[in-house]
Amino acid sequence: MADLKLENVAKSYGKVDVLKGINLDIKAGELIVFVGPSGCGKSTLLRMIAGLEQITGGTLTIDGQQMNDVPPAQRGIAMVFQSYALYPHMTVRENMAFALKIARKSADEIEAAVQNAARILQLEPYLDRLPKALSGGQRQRVAIGRAIVRDPKVYLFDEPLSNLDAALRVATRIEIAQLKEAMPERTMIYVTHDQVEAMTLASRIVVLANKGIAQVGTPLELYERPENEFVAQFIGSPAMNLLKGEVIATGAQTTVRLAGGGVAVSTVPTTEADLGLQVNVGVRPEDLVPTDAEALFTGEVEITEALGEVTLLYFKPQGDDAAVIGKLPGIHATLRHKSVGLSAAPEKVHLFANGRSLLYR
Ligand code: ADP
Ligand code: MG
């Protein structure tokens with residue numbers, strides 16, 4: 001069992017700030033996913049927790065004990081990297097046993113730990129093989145096995161699936177979910193740039209951007225109630241559409257006149273003081289539905305992409321808005337070059353001012 005607390009954690013290299021003001025409470029047994037664009041500091045934050053990178057500001061506490069200056073081996077943590085870096089001349093059993101041998105554990109203890117890890121990861125048939133005789137997914141499981149034998153309180157994963165092909169990535173992702181279920185009391189922190197991994201694995205997601213945390217929440221909180229435009233557009237694919245507009249009626253529901261001429265109604269409440277407020281109306285492609293009545297957006301379909309289960313509709317940009325994308329269930333290739341009106345249910349219409357959601361004022 002291990003709780004982690006990050007208070008005002010910062011990282012700089014000389015004068016260059018990489019991360020600052022990171023505040024985060026992680027409860028024992030959570031699977032926390034750090035997600036964010038390349039270079040936003042995900043690995044740096046993970047490596048600071050592991051002790052592989054110095055914390056240049058703030059404090060890291062694990063189970064109430066400050067860890068800033070505790071060496072990595074004494075933090076009760078094991079880390080699994082993207083490059084699994086197995087010892088090529090050692091069998092699966094020897095690879096998994098290695099850290100325990102170095103720690104001078106008894107042969108019985110080592111064998112028990114290796115058997116336990118092999119059972120959890122279904123590696124028992126491969127214990128006497130060399131890494132070169134394993135698939136990529138099996139190798140990554142051995143790398144995870146090397147962490148399990150050490151029985152850490154906290155597991156850290158840094159993009160462990162990035163080297164696997166698409167099908168293996170899905171299979172190994174499900175194995176990691178099962179691994180977490182087999183060890184419900186263990187805390188796991190998982191770094192990825194893949195939002196599907198984040199949405200499917202996380203108990204809570206931490207979105208990192210602009211040197212800090214953009215939002216922390218359950219996957220569905222982030223999807224349904226993004227705090228800002230960054231999270232709104234980072235979670236979900238294709239990204240949420242943002243359309244410029246002005247608030248023309250306020251109350252329990254809010255009406256916005258869009259720059260493109262349409263009207264949007266949102267269940268986000270506003271007050272009279274918001275009349276005339278310049279906002280961005282956010283609507284996910286999957287929440288847009290064709291309508292013959294008053295539309296939120298009307299435009300000509302430039303391109304259609306029929307993916308089988310859904311069709312993506314790409315509309316021409318209007319004014320200074322970005323191109324709007326719609327996502328309709330089924331196959332609609334015939335809509336190309338047609339003019340289509342789209343609306344959205346009021347509870348699916350998000351409102352942002354100055355980049356922040358009006359829900360969180
Ligand atoms: P991510 O894992 O999110 O892709 P990283 O944590 O690897 O990002 O890197 C975050 C930022 O820190 C990047 O802009 C990177 O250039 C910078 N950085 C990482 N290591 C160093 C270093 N040793 N010296 C200076 N800058 C670094
Ligand atoms: Mg990284």
Side-chain angles (χ1 to χ4, degrees), residues 4 6-24 26 30-60 62 67-69 71-72 75 77-86 136 139-140 143-144 146-147 152 154-166 168-169 172-173 176 187-202 204-217 219 222 226-237 239:
L4 284 85
L6 283 75
E7 287 171 287
N8 217 11
V9 164
K11 177 70 186 180
S12 54
Y13 292 102
K15 282 185 189 150
V16 180
D17 289 333
V18 174
L19 290 165
K20 53 187 180 182
I22 304 286
N23 291 298
L24 190 59
I26 300 176
E30 280 199 285
L31 199 170
I32 293 287
V33 173
F34 293 166
V35 74
S38 182
C40 70
K42 304 179 294 294
S43 296
T44 303
L45 189 55
L46 202 69
R47 292 169 62 82
M48 285 197 284
I49 294 171
L52 302 173
E53 201 70 72
Q54 168 137 42
I55 298 171
T56 53
T59 55
L60 165 70
I62 300 180
M67 287 286 158
N68 289 47
D69 299 316
R75 294 189 184 194
I77 274 174
M79 190 150 165
V80 178
F81 299 92
Q82 172 182 343
S83 56
Y84 11 86
L86 302 179
R139 285 179 209 168
Q140 188 52 283
I144 295 169
R146 287 195 304 195
V154 183
Y155 286 81
L156 305 180
F157 295 91
D158 193 353
E159 310 225 18
L161 309 187
S162 296
N163 283 354
L164 307 180
D165 66 37
L168 255 179
R169 217 156 49 217
T172 314
R173 188 178 85 211
I176 287 179
T187 310
M188 295 187 180
I189 307 177
Y190 187 103
V191 164
T192 181
H193 64 271
D194 180 318
Q195 54 150 312
V196 177
E197 279 174 37
M199 293 298 280
T200 53
L201 287 172
R204 285 189 303 154
I205 296 175
V206 177
V207 182
L208 293 171
N210 301 321
K211 302 177 185 178
I213 294 178
Q215 187 170 357
V216 182
L222 266 51
E227 274 182 40
N228 47 62
E229 288 177 358
F230 182 84
V231 173
Q233 294 205 293
F234 193 78
I235 302 287
S237 176

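Start at 1 and go down the list; that is how both ligands and their atoms are numbered. Sequence positions, counted from 1, serve as the residue numbers for this chain.
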[X]-[Y] side chain donor-acceptor pair, cut-off 3.5 Å:
{"X": "Gln82", "Y": "Asn163", "value": "yes"}
{"X": "Asn68", "Y": "Thr59", "value": "no"}
{"X": "Tyr190", "Y": "Glu197", "value": "yes"}

Inset, instruction - Assess whether side chain to side chain contact (heavy atoms under 4.5 Å, CB included) is satisfied between Arg146 and Leu86, documenting all intermediate values. - result: CA-CA 9 Å; Arg146 287 195 304 195; Leu86 302 179; 3.7 Å; yes
Inset, instruction - Would you please write out the protein residues whose heavy atoms approach any atom of ligand 1 to under 4.0 angstrom, listed by chain and number? - result: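 Within 4.0 Å of ligand 1, protein side: Tyr13, Val18, Pro37, Ser38, Gly39, Cys40, Gly41, Lys42, Ser43, Thr44.
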Inset, instruction - Locate the shortest heavy-atom distance separating Arg204 from Ile26; write the atom from each residue and the value. - result: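 So the minimum-distance heavy-atom pair works out to NH2-CA, 4.2 Å.
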Legend entry - side chain to side chain contact (heavy atoms under 4.5 Å, CB included), paired with Ile189, selected from Val33, Ile77, Leu156: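 Per the side chain to side chain contact (heavy atoms under 4.5 Å, CB included) rule, the option paired with Ile189 is Leu156, out of Val33, Ile77, Leu156.
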Inset, instruction - Examine Ser43 and say whether one of its N/O/S atoms is closer to the Mg ion (ligand 2) than 2.8 Å. - result: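 True for Ser43.
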